[in-house]
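Take a look at the structure below.
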Protein chains: 2
Amino acid sequence: MAIKRTRNVTMTDVASHSGVSRTTVSFVLSNRENANIPDSTRRRVLEAVDALGYRPNAGAQALAAQKSDWYGLITEIVTAPFAVDIIKGVQDKAWDERKFVLIASSEGDQAMETAAIEKLLEQRVEGLIYATTWHRAVTLPPAALEVPTVLINCFDPEDRFPCVVPDEEIGGYRATKRLLDAGHSRIAFINLDPAMPAAIGRRAGYDRAHAEAGVTVDPDLVVYGHALADGGYDAAAALLDSASPPTAFFCGNDRMAMGAYDAVKEHGLRIPQDIAMVGFDNQEIISQFLRPRLTTVALPFEQMGAVGVTMLADLIAGAPLRTNRMLIDCPLLERASV
Amino acid sequence: MAIKRTRNVTMTDVASHSGVSRTTVSFVLSNRENANIPDSTRRRVLEAVDALGYRPNAGAQALAAQKSDWYGLITEIVTAPFAVDIIKGVQDKAWDERKFVLIASSEGDQAMETAAIEKLLEQRVEGLIYATTWHRAVTLPPAALEVPTVLINCFDPEDRFPCVVPDEEIGGYRATKRLLDAGHSRIAFINLDPAMPAAIGRRAGYDRAHAEAGVTVDPDLVVYGHALADGGYDAAAALLDSASPPTAFFCGNDRMAMGAYDAVKEHGLRIPQDIAMVGFDNQEIISQFLRPRLTTVALPFEQMGAVGVTMLADLIAGAPLRTNRMLIDCPLLERASV
DNA sequence: ACCACCGAGTAACGCGCGTTAGTAACGCGG
DNA sequence: CCGCGTTACTAACGCGCGTTACTCGGTGGT
């Protein structure tokens, strides 16, 4: 465990080592124009930087320059899978803008969340991104008002913060249209809790697709399931046992589709020959590995993260936002279950 | 979008607002002992803090105090699911020690990884935690040597860094013993790539359990599968079609178990009545929702994260480490597939 | 010979804060 | 009245760096 504890090398060290003033070192390192640094000097400085292993002190830089180059990201990291894609989208995009992302997890706990925001503000982040794992309304701690803030996958009921949310309606529309196009007319919709924005939007898309196709929606085919595999299983089994069963299922999420698969198989039916199935979320570990692989609608979290960063940058720059509520398209991913 | 842009309030502002010196404010806020601050003064200061919305500047604090209270965490965030648990374990434990965690993602890319470490060092993190999503040897950029560093779920071939890794052997042992105890004697082992530390350790545990039970291992029952659902399906199907098929499967991960489930069901066999199944990883989204729910061995990532933080704290404090390679137990989670 | 100008470089201030070394006022025993 | 210990505070330095406002030694033009 040999730890090379380099004494903290500062610009002053670099300066004396290369025989110039600290100011000159600063000019060289910040590539300042109009500074008239001849190449010979520049080289001497850079060599000293290398030789001494100089590393700028970000805190001191931020203090002197009065800016931090950091964005803060608050997210529910426990509820796992989706948060990761948002983080990735945010981080990559931020990197493009030479910004870094300070991640704090909220764990759903309100007190901890407030503490996290405080900590980020103490780091003097230039802006805040608040992301949730499921589409919903949120109420942020008041501290968030102190700094430019963008919401991802959630929205402020009072509209004080701009947000990026998935276009649930188009997702529901795409899924349903795909099934209608495949010739199905009895399409069951195992939706999420009807109070959720996701459920409302997707239902609207389901209805619109039917309307455009001139097919009447049978209200008995639209049910609400517990949002896990069991919920999908139960709902699908009940529908298959009904007097006039559906020939296709549109499931509110991939987990329910996973349960529905089991119900279909246990009824001795084959996917997609006898029953077609479309999911939602594109939770890869499920949709990629179900047999047959599941056709589903993607929630483009990574893209949402990237768009969020762009909006935040505009907000910080004081640029006008095109919209306070950015809708992100949800594409259909064709696999093998239709 | 009403953004309350509070001009940056400093200690000096608080001082003048409450009629004391900046030093006194500092003493009050840091709860300094032996400072003899009467309650009346303390209250005046705290009221001013509140009234002005003062918020300490972490960068300035770090600069003055010559310490940062931050740990750096580098992790492969793309390969998703596991990274999240490590992050959670690290963050919670760090919070207990009043430390904060700066997360950077490496994305597997060597250049980006080096850049990430540099950035963390520029923030003057007190230590570094490097975590991977699968157990393996890693080679860190040399910059990691400049600061106390702990590895999680990976190890340094040259042993320059202490590490926390899962005890694969005990995991393999537990899984196998459970099946032996259930009366099985022909237990197939669909292992991961035999070059992986995980595969080696689990195989050793599998062998030890057999040896202790006095059961001879049939080498034909130990196969290596592509680590995805298809690999599990193919391997399980082949074994079930063989002359003397197994009565139980121990799968190298839950994804393969997911595929094996399909193979078993397609052979008209029932789990667990006809075939018992044990997975590995406890990838919740799979093991919780397969029907029947999958008995599996957990990789305790959260715990590994917490232990890593403890080791790092010791390392920073210069305390002697009990071991340079901490093994974490992998418990068996009983569900319904045995 | 004088001035204007340019290239090359530096002294010095301030960012917000922790901390040390003080000071000023007061009470109390002798 | 002196000396001394408390109590309650503050002046001032330094952390590492960005930045502004300079200095100083040449060159070229008139």
Requested in this report: Taking heavy atoms of chain A and a 4.0 Å limit, find me the 5'-most and 3'-most nucleotide of DNA chain C within that range.
Outcome: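 In short, chain A contacts DNA chain C from C:dG7 to C:dG16.
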Is there a donor-acceptor pair closer than 3.5 Å between any side-chain N or O of [X] and the backbone N or O of [Y]?
X: A:Asp314; Y: A:Ala319; result: no
X: B:Thr114; Y: B:Pro141; result: no
X: A:Thr149; Y: A:Ala144; result: yes
X: B:Thr132; Y: B:Asn153; result: yes

**Report entry** Base of D:dA8 paired with side chain of B:Thr41 (donor-acceptor, under 3.5 Å)
**Finding:** no
Between [N] ([atom2]) and [X] ([atom1]): distance, integer Å:
X: B:Phe27; N: D:dT10; atom1: CZ; atom2: P; result: 11 Å
X: B:Glu33; N: D:dT7; atom1: CD; atom2: C1'; result: 17 Å
X: A:Gln66; N: D:dT19; atom1: CD; atom2: P; result: 11 Å
X: A:Asn31; N: D:dT19; atom1: CG; atom2: C1'; result: 16 Å

Report summary line: Comparing nearest nucleotides in DNA chain D, the 5'-proximal residue of the pair B:Arg44, B:Ala60 is B:Arg44
Requested in this report: Starting from the 5' end of DNA chain D, give me the residue, B:Ile37 or A:Thr23, whose nearest nucleotide shows up first.
Outcome: B:Ile37
Query raised in the report: Can you tell if the side chain of B:Lys88 reaches within under 4.5 Å of the side chain of B:Asp92, non-hydrogen atoms only?
Result: yes
**Report entry** 5' precedence on DNA chain C between B:Arg32 and B:Pro56 (nearest-nucleotide basis)
**Finding:** B:Pro56
Query raised in the report: Does a donor on one side chain sit under 3.5 Å from an acceptor on the other, for A:Thr24 and A:Ser21?
Result: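 A donor-acceptor contact under 3.5 Å links the two side chains.
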Query raised in the report: Between B:Phe100 and B:Trp70, what is the ring plane arrangement, given parallel below 30°, perpendicular above 60°, and tilted in between?
Result: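 The rings of B:Phe100 and B:Trp70 sit tilted, inter-plane angle from 30° to 60°.
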Query - Salt bridge B:Glu126-B:Lys67, side-chain N to carboxylate O under 4.0 Å - result: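 No.
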Query - Electrostatic pair B:Arg44-B:Glu47, nearest N-O below 4.0 angstrom - result: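 Salt bridge: no.
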Report summary line: Per-helix bend value, the helix from C:dA1-D:dT30 to C:dG30-D:dC1, C1' rotation axes over five pairs per end, 10° rounding, shows 70°
